[in-house]
> 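Dumping the structure here so I can ask a few things about it.
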Amino acid sequence: MGQMMWAGRFSKEVDSKVNAFNSSIAFDARMYKQDIAGSIAHATMLGERGIISMSDSLELIGGLKEILADIESGKLEFDPNAEDIHMFIEAELTKRLGDVGKRLHTSRSRNDQVALDIRLYLRDEIKEIKTLIKQLVETLCKIAAEHSETIMPGYTHLQRAQPITFGHHLMAYAQMLLRDIDRLNDTERRMNVCPLGSCALAGTTYDIDRERTSSLLGMRNPMANSLDGVSDRDFCIELASALAICMVHLSRFSEEIIMWCSWEFKFIELDDAFSTGSSIMPQKKNPDVTELIRGKTARVIGDNMTLLTMMKGLPLAYNKDMQEDKEAIFDAVDNIKLCLVTFIPMLDTMRVIKENMRAAAAKGFINATDCADYLVKKGMPFRTAYKITGGLVALCISKNTTLEELPIEEYKRQSELFGEDVYAAISLETCVKERKSFGGPSPESVLGQVKFVKEYLRDL
Ligand code: ARG
């Protein structure tokens, strides 16, 4: 490594262990494009304001564009000994342009530079993640429309509760994912403001134009306080939190898929291409993808926790602790993308075993509420109807039968209000079809939900 940038103040070389410890290039090099874009905006503004000459400004911009092209073509490799991506690009620029290169950092600091780069980088990542979540929701809409009439048991406490449709179950996840997209939109809006010009912490004596750099970078406005501009990492925490919430949704869904794949449920079967075998047990077909998503949720939650904990005791403004932000937030972003990319085709190719869902729904007295509602509709108060139905269920259990098969005499013995029409009223098909209250599981309602979600997606 050549002389450090700050060599003037120091009488000794920094210990090589400190250099290695301090360096972030191994993980911040991925922001090269954003770093160069920020520098181009800065150099443009410096030239326009006459803080540097127009010709220097143009030379800097040309040099930065060349560096970008050379990195992309593989001609220029990152120097692992550089302190960070910002130092690397500036040093490279100076190597190429000489003294002109040294003018770029006028009225700028790595503190506002890094705050900008992460924002620009994450802004792009959010777009990608949103596109993936949208694809997932579209896939759910497709499968839900195919299964608007597929009856399955709905559970509470993991006990069979009331009949729903598979389409209804899937659309519940679609709603959660729409909120995830909403949260990302909010995060993006708050993130897309420009810290450039905050400089080290106290702004600058140069007559800079912060509006100009902000708009050149497609940001909403320059951040209004220079101390905040370099100190703020809320946007990383907010994104990590939005991603952690989304991962929790994927994880709950994964958990259900894992259960549904078991022989105890066998509601679905994953495609061979999205399952794995065992090295010893020849019969095994494991839902590894979903288990890994459940597992990776832990690390994304951890990333969020890392960021919160890292920031909680820091005085304003920049502190080196903040260099730790990148590995955490990049890990969250990388992992959610990996999960989504695999989860979508896995869902798209899974086989739904309707008969098993139907058979499970036929057990467990999940039409008991409907039996009570039958009496209520004939004028009985709900609590009385509830008690009578409870007695009928107990009777069925003692006779090892179901409400559907219980003879009408037994019904009548409990209440004169029962007639032959009770069997139609408690058939699973009726139970589901009649649950057409807004948001309910009826085929009609599910198709309505699919339509609504598709329209909502169009506007996002
Ligand atoms: N690599 C540093 C980081 O990621 C860049 C900012 C350094 N600023 C400083 N004053 N040392 O946080």
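Ligands are counted one by one from 1 in listed order, and the atoms in each one are counted from 1 as well. In this chain, residues are counted from 1 in sequence order. The model shown is predicted, which means the values in this text are computed figures rather than measured ones.
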> For atom 11 (N) of ligand 1, find the nearest protein heavy atom and state the residue, atom name and distance (0.1 Å precision).
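Residue, atom and distance for the closest contact: R110 NH2, 3.5 Å.
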> Can you find a non-hydrogen atom of K326 under 4.0 Å from ligand 1?
yes
> Which residue owns the protein heavy atom closest to atom 6 (C) of ligand 1, what's the atom, and how far is it?
Y318 OH, 3.6 Å
> Output the list of atoms in ligand 1 that are nearer than 4.0 Å to some heavy atom of Q323, sorted by atom number.
1 (N), 2 (C), 3 (C), 4 (O), 12 (O)
> For atom 10 (N) of ligand 1, what's the nearest protein heavy atom and its distance?
N111 OD1, 3.0 Å
> Is there side-chain contact between E238 and R183, with at least one heavy-atom pair below 4.5 Å?
no
> Please determine whether a side-chain nitrogen of the Lys or Arg among K312 and D321 lies less than 4.0 Å from a carboxylate oxygen of the Asp or Glu.
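No, K312 and D321 are not salt-bridged.
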> Looking only at distance, does K320 have an N or O less than 3.5 Å from an N or O of ligand 1?
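For ligand 1, there is no N or O atom that lies under 3.5 Å from one belonging to K320.
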> Kindly assign one of parallel, tilted or perpendicular to the pair Y173 and H169, based on the angle between their ring planes and the thresholds 30° and 60°.
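Aromatic pair Y173/H169 classed tilted.
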> Whether R351 and E269 form a salt bridge (side-chain N of Lys/Arg under 4.0 Å from carboxylate O of Asp/Glu) is what I want to check.
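The answer is yes: the pair qualifies as a salt bridge.
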> Run the salt-bridge test on K130 and E128 with the 4.0 Å N-O cut-off and return the result as yes or no.
no
> Check this for me - ligand 1, D84, N or O atoms closer than 3.5 angstrom, yes or no?
yes
> Salt bridge or not between D334 and R299? Use side-chain N to carboxylate O under 4.0 Å.
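No.
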> At less than 4.0 angstrom from any non-hydrogen atom of S24, what atoms of ligand 1 do you find?
1 (N)
